[in-house]
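Right, one structure below, let's go through it.
The chain is numbered in sequence order, starting from 1.
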Amino acid sequence: MTDVTATVVRLKLSLLRNGLRQSGGRRAAFVASAVVALLFAALQLLGLVLLRGHAHADAVAVLGAAVLALGWAFMPLFFPSGDETLDPTRLVMLPLRPRPLVRALLAASLVGIGPLFSLLLLVGCAVSVAHGAAGYGVAVIAVVLALLVCVALARTVATANVRLLSSRKGRDLAVLSGLVVAVGAQLVNFGAQSLGSAGLGRLAPVADVLRWLPPASAIGAVHSASEGAYGTALLQLGLSLAALALLVGAWARTLTRLMTSPDGSTLQAPDAAVRSRSPQGGGLGRLLPGGRTGTVMARSLRYVWRDPKTKAAWVTSLAIGLIVPVFNALQGTGSIYFACFAAGMLGIQMYNQFGQDTSAFWMVATTISSARDAYAELRGRALALLVITVPYATLVTVLTTAMLGDWRRLPEVLGLSFALLGAMLATGAWTSARFPYSIPQEGHKNVAPGQAGLAWIAIFGGMVAAALLCSPVIALTIALNVSAGGDAWTWLLLPVGAAYAAGITWAGLRLAAPRTAACLPEILTAVSKG
């Protein structure tokens with residue numbers, strides 16, 4: 001056991017060392033990230049220590065341990081390449097038994113910046129609530145136990161999803177990690193504002209529940225021991241110890257199954273293979289129209305579901321389009337017109353339609369020989385976008401209206417949202433043909449080198465043009481709201497906005513079609529550079 005553990009720990013150190021030897025840039029990035037992470041951890045440790053004696057210090061400490069465990073559980077799913085030892089299938093050919101291997105991998109998991117960061121944070125949580133000899137004695141045990149639970153939780157989750165992490169869906173998760181960070185930042189900002197107005201006392205009800213859930217229960221045991229509730233402290237430590245035993249046991253069972261069973265993730269069932277031969281597939285595909293329009297819609301929707309970059313862009317737009325109006329409404333500072341943000345965020349997806357095809361656009365280009373073919377192609381892509389955008393924009397608008405209680409303005413806001421969406425579809429179709437650019441398939445960049453100017457012109461120029469195209473509906477909305485008795489007619493803005501959106505979209509597609517048909521070689525060259 002000792003030899004295996006020492007060997008795996010040395011392997012982890014060798015992987016870290018050899019990775020840093022690859023280039024000076026990688027070494028600089030590692031050192032910079034390590035300094036920033038440890039500095040942040042040190043500041044958190046200092047802040048928690050200064051919190052000693054505060055009435056709600058225990059709530060902050062317990063919640064901090066719970067959030068740390070949550071991060072350990074999900075970070076391996078979003079950053080699978082951050083630790084090469086997360087994939088135990090690389091050791092499948094070695095004569096190793098699962099339990100010694102589990103202990104060795106658990107020890108190796110304690111090597112790195114992440115475990116050190118977590119250790120400093122857990123020490124701060126324990127010190128902030130520890131008082132007396134009993135409290136500090138339990139704190140030592142609690143910190144070690146909580147750290148082991150966090151690491152075992154990460155390993156169990158990673159091992160159970162190792163097939164996913166090494167597949168295309170795993171790469172999808174890595175691309176979507178930026179969305180998680182963005183949404184998480186909004187949630188943290190909202191929570192900080194809420195705590196700033198209501199105080200730390202708002203955390204107490206949540207902490208009362210979390211102090212009985214491992215590994216936060218270990219930090220709760222420190223507070224209980226400091227208060228003289230030794231029986232409660234022992235029970236809370238027992239919960240964390242039991243969680244550690246269960247996680248290690250589940251990890252060992254999953255590891256055994258993973259290293260002794262064949263990988264069937266790439267096998268396709270016969271009925272699935274038959275369905276895949278269908279031009280439009282099953283499910284939603286059966287509801288789409290026939291001919292080229294339905295085929296283009298099915299292809300576009302399949303890109304949204306399968307292509308990592310396209311999926312990331314859509315999910316980000318869906319999330320931000322909901323967060324902005326809803327969070328502003330929750331804070332009491334929002335306006336119902338913020339609901340138009342949902343249609344605007346999704347309308348951006350119409351820009352650079354051909355760039356998402358990358359070099360595969362040549363297959364589409366071979367089917368376009370006239371402006372009529374180009375119009376059918378653009379119409380199918382626009383309709384695929386509308387399948388998602390119209391119900392989503394309606395849902396966000398209704399939800400924002402319900403939160404603000406301003407039902408009288410629902411028709412006009414929906415009309416404005418539809419008009420904005422139509423204008424963005426029109427300008428997006430034209431800029432897709434006039435300013436196409438490539439989207440690299442690897443990495444996190446959304447624009448190929450040398451094409452940033454095209455992207456800025458296409459997106460921001462198109463958005464300005466869309467705003468100008470919406471000006472008639474905006475002017476009508478303002479006129480009805482400021483005129484005497486105009487409120488009785490604001491309901492007309494819904495059908496007017498919908499009709500205007502349909503007309504402007506049709507006009508935009510018609511204008512973009514000849515340009516698309518005439519410039520196919522230039523478009524193909526531009527979108528294939530990534």
Inset, instruction - Ignoring hydrogens and angles, tell me if any N or O in the side chain of T156 forms a donor-acceptor pair with the backbone of L247 under 3.5 Å. - result: yes
Inset, instruction - For W489, look at atom CH2 and say whether over 12 heavy atoms of other residues, nucleotides or ligands are found less than 6.0 Å away. - result: no
Inset, instruction - Please lay out, stage by stage, how L416 and L493 fare under the test side-chain contact (heavy atoms from CB on, under 4.5 Å). - result: CA-CA 8 Å; L416 280 173; L493 289 170; 6.0 Å; no
Legend entry - Side-chain heavy-atom pair Q44, L120 within 4.5 angstrom cut-off: no
Inset, instruction - Kindly indicate whether the side chain of M424, heavy atoms from C-beta on, has any atom under 4.5 Å from the side chain of Q349. - result: no
Legend entry - Flag, side chain of S417 to backbone of A393, donor-acceptor distance under 3.5 Å: no
Inset, instruction - Spell out, as yes or no, whether a donor-acceptor pair under 3.5 Å connects the side chain of S471 to the backbone of L468. - result: yes
Inset, instruction - State the CG-CD1 distance between L469 and I474, to the nearest 0.5 angstrom. - result: 10.0 Å
Legend entry - Sole candidate of L318, L322, V324, T401 that passes side chain to side chain contact (heavy atoms under 4.5 Å, CB included) when paired with V396: L322
Legend entry - Validation row: L480, W491 side chains within 4.5 angstrom (heavy atoms): no
Legend entry - For V127, the option from V49, L45, L48 that meets side chain to side chain contact (heavy atoms under 4.5 Å, CB included): V49
Legend entry - Under 3.5 Å donor-acceptor, S128 side chain and L51 backbone: no
Inset, instruction - Any chance you could lay out the side-chain contact (heavy atoms from CB on, under 4.5 Å) test for I323 and F341, step after step, and finish with the verdict? - result: CA-CA 10 Å; I323 287 174; F341 204 81; over 6 Å; no
Legend entry - From SG (C150) to CG (L70), nearest 0.5 Å: 10.0 Å
Legend entry - side chain to side chain donor-acceptor pair (under 3.5 Å) partners of R372, counting only residues at least two apart: none
Legend entry - Donor-acceptor pair between Y375 and T516 side chains, under 3.5 angstrom: no
Legend entry - Exam field: side chain R381 to backbone V296, donor-acceptor pair closer than 3.5 Å: no
Legend entry - Spacing of R409 atom CZ and I336 atom CD1 [to the nearest 0.5 Å]: 8.0 Å
Legend entry - Side chain Y500, main chain F418, donor-acceptor under 3.5 Å: no
Legend entry - Taking every non-hydrogen atom, the tightest pair across V157 and A73: CG1-O, 3.4 Å
Legend entry - Between R408 and T490, a side-chain donor and acceptor under 3.5 Å: no
Inset, instruction - Work out which heavy atom in A376 is nearest to a heavy atom in R292; give both atom names and the distance. - result: CB-CD, 3.9 Å
Legend entry - From OG (S217) to CD (Q236), nearest 0.5 Å: 6.5 Å
Legend entry - Nearest-0.5 Å distance, CG of residue D357 to OG of residue S438: 10.5 Å
Inset, instruction - Fit a plane to each ring of F361 and F354, take the angle between them on a 0 to 90° scale, and name the class: parallel (under 30°), tilted (30 to 60°) or perpendicular (over 60°). - result: tilted
Legend entry - Step-by-step side-chain contact (heavy atoms from CB on, under 4.5 Å) determination, L421 to V390: CA-CA 9 Å; L421 178 60; V390 171; 4.3 Å; yes
Inset, instruction - Report the C-alpha distance between L492 and L476 in whole Å, list the side-chain angles of each, state the deciding distance to 0.1 Å, and finish with yes or no for side-chain contact (heavy atoms from CB on, under 4.5 Å). - result: CA-CA 10 Å; L492 287 174; L476 179 60; over 6 Å; no
Inset, instruction - Output yes when a side-chain donor or acceptor of R515 lies under 3.5 Å from a complementary backbone atom of S432, and no otherwise. - result: no
Legend entry - Point-to-point distance, once rounded to the nearest 0.5 Å, from CG of L399 to OG1 of T394: 12.5 Å
Legend entry - Heavy-atom side-chain contact between L386 and L425 under 4.5 Å: yes
Legend entry - Any side-chain heavy-atom pair of W314 and L385 under 4.5 Å: yes
Legend entry - Student check: side-chain heavy atoms of Y351 and T427 closer than 4.5 Å: yes
